[in-house]
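Small disclaimer: the values here were computed from a predicted structure and weren't measured. Below, each value reflects all heavy atoms present in this structure, side chains not excepted, and no hydrogens, waters or symmetry copies.
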Amino acid sequence: MAENVTRTSPRDFLSEVVEQVKKVTWPDRAQLQSSTGIIVVFMLFVSLVIFGLDFLVRTGLNVISSLFGVG
């Protein structure tokens with residue numbers, strides 16, 4: 001079931017990579033700053049959600065363990 005795959009030489013591969021990188025549209029400074037700000041705000045939000053869930057689970061487990069006299 002092996003397909004007939006042609007191999008690309010490392011030189012050809014690298015030249016194709018260079019061609020593709022030249023086609024990339026890079027963001028300007030304003031776009032980069034805006035995107036970075038959005039990412040930082042999103043990371044802070046997710047961190048707070050994880051912290052809150054951790055606190056709730058930890059508190060719930062402490063309550064359950066205290067009901068059974070563990071700890």
Side-chain angles (χ1 to χ4, degrees):
M1 311 250 180
E3 295 179 26
N4 190 4
V5 178
T6 59
R7 297 215 175 237
T8 304
S9 71
R11 174 179 275 169
D12 290 339
F13 175 77
L14 288 175
S15 69
E16 289 177 21
V17 168
V18 169
E19 285 178 37
Q20 293 301 318
V21 168
K22 287 179 182 178
K23 295 179 185 179
V24 173
T25 305
W26 299 100
D28 61 15
R29 187 173 185 87
Q31 291 172 327
L32 193 59
Q33 287 176 334
S34 174
S35 297
T36 301
I38 292 169
I39 290 169
V40 168
V41 169
F42 180 74
M43 286 176 48
L44 288 172
F45 173 75
V46 170
S47 298
L48 289 173
V49 168
I50 291 172
F51 175 79
L53 291 173
D54 178 62
F55 178 78
L56 289 174
V57 169
R58 190 169 10 116
T59 303
L61 290 175
N62 285 339
V63 168
I64 290 171
S65 66
S66 69
L67 290 174
F68 294 103
V70 179

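Applying the side chain to side chain contact (heavy atoms under 4.5 Å, CB included) rule to Val21 yields the partners Val17, Trp26; only residues at least two apart in sequence or on another chain are considered. In this view, Thr59 satisfies the side-chain hydrogen bond (donor to acceptor under 3.5 Å, both in side chains) rule with no residue, not counting sequence neighbours. For Asp28, the side-chain hydrogen bond (donor to acceptor under 3.5 Å, both in side chains) test picks out no residue, with sequence neighbours left out.
Side-chain atoms of Ser66 come within 3.5 Å of backbone N or O of Val63 as a donor-acceptor pair. Without hydrogens or angle criteria, Ser34 side chain to Ala30 main chain gives no donor-acceptor distance under 3.5 Å.
Note: Arg7 CZ to Asp12 CG = 14.0 Å, rounded to the nearest 0.5 Å. If you take CG on Leu44 and CD1 on Ile39, they are separated by 12.0 Å, rounding to the nearest 0.5 Å. Note that the CD atom of Gln20 and the NZ atom of Lys23 stand 4.0 Å from one another [nearest 0.5 Å].
By the rule that hydrophobic residues join a cluster once side-chain heavy atoms approach within less than 4.5 Å of another member, Leu53 and Ile50 end up as members of one cluster. The hydrophobic clustering, which links ILVMFWY residues whose side-chain heavy atoms are closer than 4.5 Å, places Phe51 and Val46 apart.
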